[in-house]
Novice: 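One structure coming up, written as structure tokens, with questions to follow.
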Amino acid sequence: MSKSKPTLPRGTRDFGPEVSAKRTYIIDKIKQNFIKYGFSQLETPSMENLSVLTGKYGDEGDQLLYKILNSGDYLSKTNPSDYELGSKHLTNKIADKGLRYDLTVPFARYVVMNQHEISFPFKRFQIQPVWRADRPQKGRYREFYQCDADIIGSRGIWNEAELTLLFNDVFNDLGLEDYVIKINHREILFMLAEYVELKDQAVAFCAEIDKLDKIGEERVIENVLVLGGDNVKMREVMELLTSNSREHLIEKVSAIDPGNKGVKEIIQYFEALDQFADKNLKIELDLSLARGLSYYTGMIYEVKPTSVQMGSICGGGRYDNLTGVFGLQGISGIGISFGLDRIYDVMEELDLFPEEITQRLEVLIVHFSESNLLHSQTVVMKLREAGIKADLYPESDKIKKQFNYADKIQTPFTLIIGDDEVKTGKFMLKDMKSGNQKPMTLDEIIREFKG
RNA sequence: GUGAUUGUAGUUCAGUUGGUUAGAACGCCUGAUUGUGGUUCAGGAGGUCGCCGGUUCGAAUCCGGUCUUUCACCCCA
């Protein structure tokens with residue numbers, strides 16, 4: 001028996017009581033808003049067949065998929081030549097399941113499998129962990145939670161607008177103010193690619209554009225020229241990428257192609273949201289926003305914290321053919337995803353969690369003897385029945401030890417029960433912060449907490 | 001996958017050119033204090049120096065490997 005110290009797989013974490021309470025707080029706020037906006041909950045298995053997952057996230061994504069070794073004698077269906085053909089080939093022979101990489105693909109699978117029962121438009125939300133075999137670093141884990149909401153089977157631009165309002169409501173509820181919702185439209189990016197004469201390399205063009213805030217204007221222009229882009233036109237485009245005046249941008253891109261679908265949709269989108277000017281939505285049209293996920297075809301979103309050094313905390317966009325790979329064509333959808341772990345990190349850094357969410361108890365009962373303990377048992381149950389978070393120190397240790405415990409768990413009040421209290425029916429309620437205490441009847445105590 | 005970086009007590013960290021028994025602070029336990037916690041004082045427990053190997057008379061210290069931490073690139077929540 002080796003006695004090695006236990007460890008966690010890298011990139012994974014335990015969530016202790018305090019962290020867990022804070023995470024639950026965030027999840028609750030997100031979930032309440034999902035429900036308020038009419039989404040229904042879906043849960044899917046942690047593992048999917050690899051045939052469902054592979055090829056959906058690009059070559060990079062396939063590398064990052066966690067594969068599950070087949071049960072039993074997983075070598076029985078292989079022969080030595082499979083080994084010779086390399087690990088990628090061998091993987092297909094010995095693993096046919098993998099851990100889910102995101103929530104969107106499992107959702108698409110679900111929609112296809114249940115298409116006859118679903119009434120479109122279908123709004124679903126899903127809050128579950130996903131796994132990526134990435135190398136961990138700041139704000140990046142191998143196991144993390146996504147909180148997704150998707151609207152599928154509707155092309156109306158109100159959906160785009162509504163999800164923006166949902167972002168706003170969630171961050172309002174969380175008390176998080178330092179963020180900006182960046183939006184863009186894939187059609188506009190494609191139009192710009194065509195304008196700089198990179199129509200056939202639109203994806204590569206987008207990838208370069210996306211690096212703007214990291215590597216700067218000059219290097220982006222250089223890289224685009226290497227791709228074969230037009231120098232003069234690219235410099236015109238760069239002016240657009242760095243502008244944040246909505247009117248100016250819409251005017252300019254309209255001039256390039258008045259019939260562009262993206263431009264039309266962006267105009268409709270703002271028209272809808274202008275009705276909610278009182279909400280002071282923090283939206284920014286940013287033509288340099290590209291986003292990697294290849295399935296997006298329309299509007300794309302990203303929410304970025306503004307006062308904390310951190311990547312995006314939410315992302316999303318419209319996809320026209322998500323279910324196409326599973327044989328169901330023509331279903332358009334739009335979805336957003338909240339990055340729970342990153343939102344947590346931002347809130348922690350800005351100290352935005354309310355104090356009471358980590359408070360375990362409202363009152364702890366301490367006592368002086370075995371017979372006092374017996375009496376205390378009925379008292380603690382009465383307090384609980386009254387809806388008070390109450391606990392009883394479960395053995396008659398020295399009073400000092402009991403108070404020490406009350407201190408450690410930061411109980412705001414203790415209820416002291418001794419022979420005098422049992423005799424008079426008045427228990428000593430002590431405010432642990434001030435040290436003040438006074439004898440009160442059970443009814444008075446319940447009123448104190450609930451009144 | 002590429003390139004750096006970290007690891008010593010429960011925690012945060014010292015530890016000299018390689019040299020007796022590896023230290024501090026905080027935390028923890030006991031007592032001062034048998035109906036009152038936080039403060040104070042006294043005492044105590046706690047380490048295979050991440051792991052494996054190498055160099056050396058001798059390694060926490062030097063070298064190699066491995067795991068781990070953190071960070072950047074790629075990509076992404």
Side-chain angles (χ1 to χ4, degrees), chain A residues 2-13 26 30 57-65 87-88 100-104 127-148 206-208 210-211 214-215 290-294 296 301-305 309-317 335-346 364-369 372 393 396-423 427-439:
Chain A
S2 67
K3 47 175 178 179
S4 57
K5 287 176 193 166
T7 53
L8 284 173
R10 75 187 303 189
T12 67
R13 299 146 302 157
I26 299 174
I30 293 173
Y57 310 104
D59 287 344
E60 292 265 2
D62 286 355
Q63 299 286 323
L64 299 179
L65 279 175
S87 50
K88 200 171 177 183
R100 84 164 93 74
Y101 179 90
D102 70 0
L103 301 178
T104 309
I127 300 173
Q128 288 188 285
V130 302
W131 295 268
R132 296 182 189 178
D134 209 346
R135 224 188 254 203
Q137 53 180 277
K138 183 168 180 144
R140 173 181 273 185
Y141 308 97
R142 284 183 161 173
E143 177 184 63
F144 62 97
Y145 273 68
Q146 286 189 333
C147 312
D148 276 25
C206 289
E208 293 306 327
D210 202 33
K211 294 177 191 161
K214 236 170 213 172
I215 65 175
R291 288 191 65 77
L293 287 169
S294 49
Y296 291 132
Y301 308 92
E302 200 159 282
V303 179
K304 285 189 171 166
Q309 187 64 35
M310 174 85 68
S312 59
I313 51 177
C314 303
I336 55 170
S337 179
F338 288 81
L340 170 63
D341 304 79
R342 284 188 177 176
I343 292 171
Y344 177 95
D345 288 347
V346 170
L364 176 76
I365 299 179
V366 300
H367 45 84
F368 288 100
S369 68
N372 294 155
Y393 193 90
S396 46
D397 280 330
K398 279 183 191 167
I399 197 75
K400 180 190 168 84
K401 197 170 175 187
Q402 299 186 42
F403 271 111
N404 246 320
Y405 176 75
D407 249 353
K408 293 267 170 54
I409 65 169
Q410 295 180 44
T411 307
F413 289 92
T414 47
L415 193 61
I416 305 162
I417 298 184
D419 291 343
D420 297 348
E421 284 81 358
V422 173
K423 214 175 290 167
F427 309 110
M428 202 63 90
L429 184 68
K430 176 166 181 164
D431 180 332
M432 293 299 281
K433 221 167 214 167
S434 66
N436 297 334
Q437 60 186 42
K438 63 174 179 181

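Convention: sequence-line order gives letters A, B, ...; per-chain numbering from 1.
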Novice: Any non-hydrogen side-chain atom of A/Phe368 less than 4.5 Å from a side-chain atom of A/Ile399?
Specialist: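 In contact.
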
Novice: Have a look at A/Gly61 and say if it touches a base, only the backbone sugar-phosphate, or nothing, with a 4.0 Å heavy-atom cut-off.
Specialist: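 A/Gly61: no heavy atom of the nucleic acid under 4.0 Å.
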
Novice: When all nucleic acid strands are considered with a 4.0 Å heavy-atom cut-off, which category describes A/Glu421: base, sugar-phosphate, or nothing?
Specialist: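 Base contact.
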
Novice: Is it true that, when you exclude A/Gln410 itself, more than 12 heavy atoms of the residues, nucleotides or ligands shown sit nearer than 6.0 Å to its CD?
Specialist: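 Not more than 12 within 6.0 Å, no.
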
Novice: When you compare the side chain of A/Tyr145 with that of A/Val130, does any pair of heavy atoms fall below 4.5 Å?
Specialist: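 The answer is no, as the side chains (C-beta and beyond) never meet within the 4.5 Å cut-off.
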
Novice: Taking a pair as Watson-Crick or G-U wobble with both distances under 3.5 Å, which nucleotide is matched to B/A25?
Specialist: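 The base-pairing partner of B/A25, which may sit in any strand shown, is B/U11.
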
Novice: Is A/Gln137 close enough to B/A72 that one of its side-chain N or O atoms is under 4.0 Å from OP1 or OP2 there?
Specialist: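 For B/A72, OP1 or OP2 has a side-chain N or O of A/Gln137 closer than 4.0 Å.
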
Novice: Base, sugar-phosphate, or nothing for A/Ser312, non-hydrogen atoms under 4.0 angstrom?
Specialist: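 The answer is sugar-phosphate, as A/Ser312 gets under 4.0 Å only of primed atoms, P, OP1 or OP2.
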
Novice: Base, sugar-phosphate, or nothing for A/Lys408, non-hydrogen atoms under 4.0 angstrom?
Specialist: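 Result for A/Lys408 = sugar-phosphate.
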
Novice: At 4.0 Å (heavy atoms only), tell me whether A/Asn404 reaches a base, stays on the sugar-phosphate, or touches nothing.
Specialist: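 Counting heavy atoms under 4.0 Å across all strands, the contact made by A/Asn404 is with sugar-phosphate only.
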
Novice: Under 4.0 Å between any heavy atoms, over every strand shown, what does A/Tyr145 touch: base, sugar-phosphate, or nothing? Just pick one.
Specialist: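 Nothing: the residue A/Tyr145, judged by heavy atoms under 4.0 Å, touches no strand.
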
Novice: So, is A/Arg140 near the phosphate of B/A77, with a side-chain N or O under 4.0 Å from OP1 or OP2?
Specialist: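 A/Arg140 to B/A77 OP1/OP2: no side-chain N or O under 4.0 Å.
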
Novice: At 4.0 Å (heavy atoms only), tell me whether A/Gln63 reaches a base, stays on the sugar-phosphate, or touches nothing.
Specialist: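 Since no nucleic acid heavy atom lies under 4.0 Å of A/Gln63, the category is nothing.
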
Novice: Quick one: label A/Lys398 by what it contacts on the DNA or RNA (base, sugar-phosphate, nothing), any heavy atom closer than 4.0 Å.
Specialist: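 The residue A/Lys398 makes sugar-phosphate contact but no base contact.
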
Novice: Could you check whether the rings of A/Tyr57 and A/Tyr101 sit parallel, tilted or perpendicular, using 30° and 60° as the cut-offs?
Specialist: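 Because their plane-to-plane angle lies in the 30° to 60° range, the rings of A/Tyr57 and A/Tyr101 count as tilted.
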
Novice: Tell me which of A/Ile399 and A/Gly11 sits closer to the 5' end of RNA chain B, going by the nucleotide each one is nearest to.
Specialist: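 Between the two, 5'-proximity favours A/Ile399.
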
Novice: Assign each of A/Gly339 and A/Arg10 to its nearest nucleotide of RNA chain B by heavy atoms, then name whichever residue's nucleotide is nearer the 5' end.
Specialist: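 Final value for this comparison: A/Arg10.
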
